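Below is one structure, written out as structure tokens; comments come after it.
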Amino acid sequence: MKDEQKFITDHADTLLRIVNQDRHDWLNHLQVLHAYLKLGRYQDGEDYLQKVTEEAHRESMIARINCSRLSAFFLTFNALNRDIIVEVEVKTQVDVTKLEMQSDSFFYLISTCIGLLQHHLHKEQVEHPHLAVTLFHSDNEVFANFDLEGQVSALVAGEVEKLIHDHKGMAKLVSEQIHTDTGWIAEMSFPCKM
């Protein structure tokens, strides 16, 4: 318990920021539900409650990918960053421990890819940048889709290719990266152990 307590005290400001953001979000949900009940808009309240339940399920799927560093990265990203919104969806059960690459390498590759996008964002954006990251398991591979709505430098494509190349066959681009004036799309695959 001493190591956990030391971690908490050493990172108190960051942890409090995350907890405060999480509490703020949940209080907002409760206030919306309260307003619907007070106004007698029960169907709207039921629909909103369904949305909140789906969000909790989405977070649960992220927490169960068996890569605690990546789960924590995903679940805390928006509380700690303001320049881009990252929304993560795990469509099918993903178990990172079943990949041929080590969990730490998978964490590094995914988090670095997001960091590259963040670094290469154009400073002046018409809309706030939004990145959808989707993970799923299919045919003995795990796939990671990245879909950025926002303006990003064309340099990111080369850096992502280098990042994948540095992982020596443990990751590959499924198709060409798509870069436009308003976004960037890439899909990566990671082989599972036989």
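Keep in mind that this is a model prediction, so the values were computed, not measured.
Residues Leu109 and Met188 form a side-chain contact, since some pair of their non-hydrogen atoms from C-beta on lies under 4.5 Å apart. Within the 4.5 Å cutoff, no side-chain heavy atoms of Tyr36 are placed close to those of Leu49. For the pair Glu55/Lys51, no side-chain contact is recorded, criterion being any heavy-atom separation below 4.5 Å from C-beta on. Here the side chains of Cys113 and Leu163 are in contact, with some heavy-atom distance below 4.5 Å. Side-chain atoms of Phe73 and Ile114, non-hydrogen and from C-beta on, do get closer than 4.5 Å to each other. Glu161 has its side chain out of reach of His165: every pair of non-hydrogen atoms, C-beta onward, lies at least 4.5 Å apart. At least one side-chain heavy atom of Phe190 sits less than 4.5 Å from a side-chain heavy atom of Ile110. Within the 4.5 Å cutoff, no side-chain heavy atoms of Lys172 are placed close to those of His167.
In His122, the NE2 atom is crowded: over 12 heavy atoms of neighbouring residues, nucleotides or ligands sit closer than 6.0 Å. By the neighbour-count criterion of 12 heavy atoms within 6.0 Å, atom NE2 of His119 is sparsely surrounded, having that number or fewer from other residues, nucleotides or ligands. The environment of Asp13 atom CG is sparse: at most 12 non-hydrogen atoms of other residues, nucleotides or ligands sit within 6.0 angstrom. Residue Tyr48 qualifies as enclosed at atom OH: its count of foreign heavy atoms under 6.0 Å is above 12. More than 12 heavy-atom neighbours from other residues, nucleotides or ligands sit within 6.0 angstrom of CG on Asn28.
Interatomic distance, Tyr108 OH to Met101 CE, rounded to the nearest 0.5 Å: 11.0 Å. Taking CZ of Arg41 as the start and CG of Leu33 as the end, the distance is 12.0 Å to the nearest 0.5 Å. Considering CD of Glu89 and CE of Met61, their distance stands at 9.0 Å, rounded to 0.5 Å. Put simply, CD on Glu149 and CD on Glu87 are 10.0 Å apart, with the number rounded to the nearest 0.5 Å. In this structure, Leu30 CG and His34 NE2 are separated by 10.0 Å, a value rounded to the nearest 0.5 Å.
Under a hydrophobic clustering in which Ile, Leu, Val, Met, Phe, Trp and Tyr are joined whenever their side-chain heavy atoms come within less than 4.5 Å, directly or via other members, Val32 and Trp26 fall into the same cluster. Hydrophobic clustering (ILVMFWY, side-chain heavy atoms < 4.5 Å, transitive): Ile85 and Leu135 are in distinct clusters. Residue Leu116 is not grouped with residue Ile185 when hydrophobic side chains (ILVMFWY) are merged at heavy-atom distances under 4.5 angstrom, including chains of intermediate members. If you chain together hydrophobic residues whose side chains sit under 4.5 Å apart, Leu75 and Val52 never meet in one group.
The minimum heavy-atom distance linking Cys67 with Ser103 is given by the pair SG-O, 3.7 Å. Contact detail for Ile65 and Ile62: the closest heavy-atom pair is CG1-O, 3.3 Å. Residue Leu99 comes nearest to Lys193 through the heavy atom pair O-CE, 3.1 Å, listed as atom of the first residue, atom of the second, then distance. When all heavy atoms are compared, the tightest approach of Ile18 to Leu80 is CG1-CD2, 3.9 Å.
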Could you walk me through whether Lys162 and Asp166 pass the salt bridge (Lys or Arg N to Asp or Glu O under 4.0 Å) check?
-> CA-CA 6 Å; Lys162 182 182 180 329; Asp166 290 347; 2.9 Å; yes
Start with the C-alpha gap between Ile84 and Leu148, add the side-chain angles, then the distance that decides, and say whether side-chain contact (heavy atoms from CB on, under 4.5 Å) holds.
-> CA-CA 9 Å; Ile84 185 172; Leu148 174 71; 3.7 Å; yes
How far apart are the C-alpha atoms of Gln21 and Thr76, what are their side-chain angles, what is the distance that settles it, and do they pass the side-chain contact (heavy atoms from CB on, under 4.5 Å) test?
-> CA-CA 9 Å; Gln21 181 64 47; Thr76 61; over 6 Å; no
With side-chain contact (heavy atoms from CB on, under 4.5 Å) as the test, would you mind laying out the steps for Ser111 and Arg69 before giving the verdict?
-> CA-CA 10 Å; Ser111 63; Arg69 291 177 71 197; over 6 Å; no
Does the pair Val133 and Val86 meet the rule for a side-chain contact (heavy atoms from CB on, under 4.5 Å), with working shown?
-> CA-CA 7 Å; Val133 179; Val86 175; 4.2 Å; yes
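Side-chain contact, Arg23 with Asn20: a donor N or O sits under 3.5 Å from an acceptor N or O. A donor-acceptor pair shorter than 3.5 Å can be found between the side chains of Glu54 and Gln50. Residues His120 and Glu159 have side chains that bring a donor and an acceptor to within less than 3.5 angstrom of each other.
Not a single donor-acceptor pair under 3.5 Å links the side chain of Gln177 to the backbone N or O of Trp184. Panel note: side chain Asn140, backbone Pro191; no donor-acceptor pair is recorded below 3.5 Å. Between the side chain of Asn81 and the main chain of Asp83, no donor-acceptor pair closer than 3.5 Å is present. Distance alone, capped at 3.5 Å, places no donor-acceptor pair between the Arg17 side chain and the Ala79 backbone.
The aromatic rings of Phe143 and Phe136 sit parallel, their planes meeting at an angle under 30°, below the 60° perpendicular limit.
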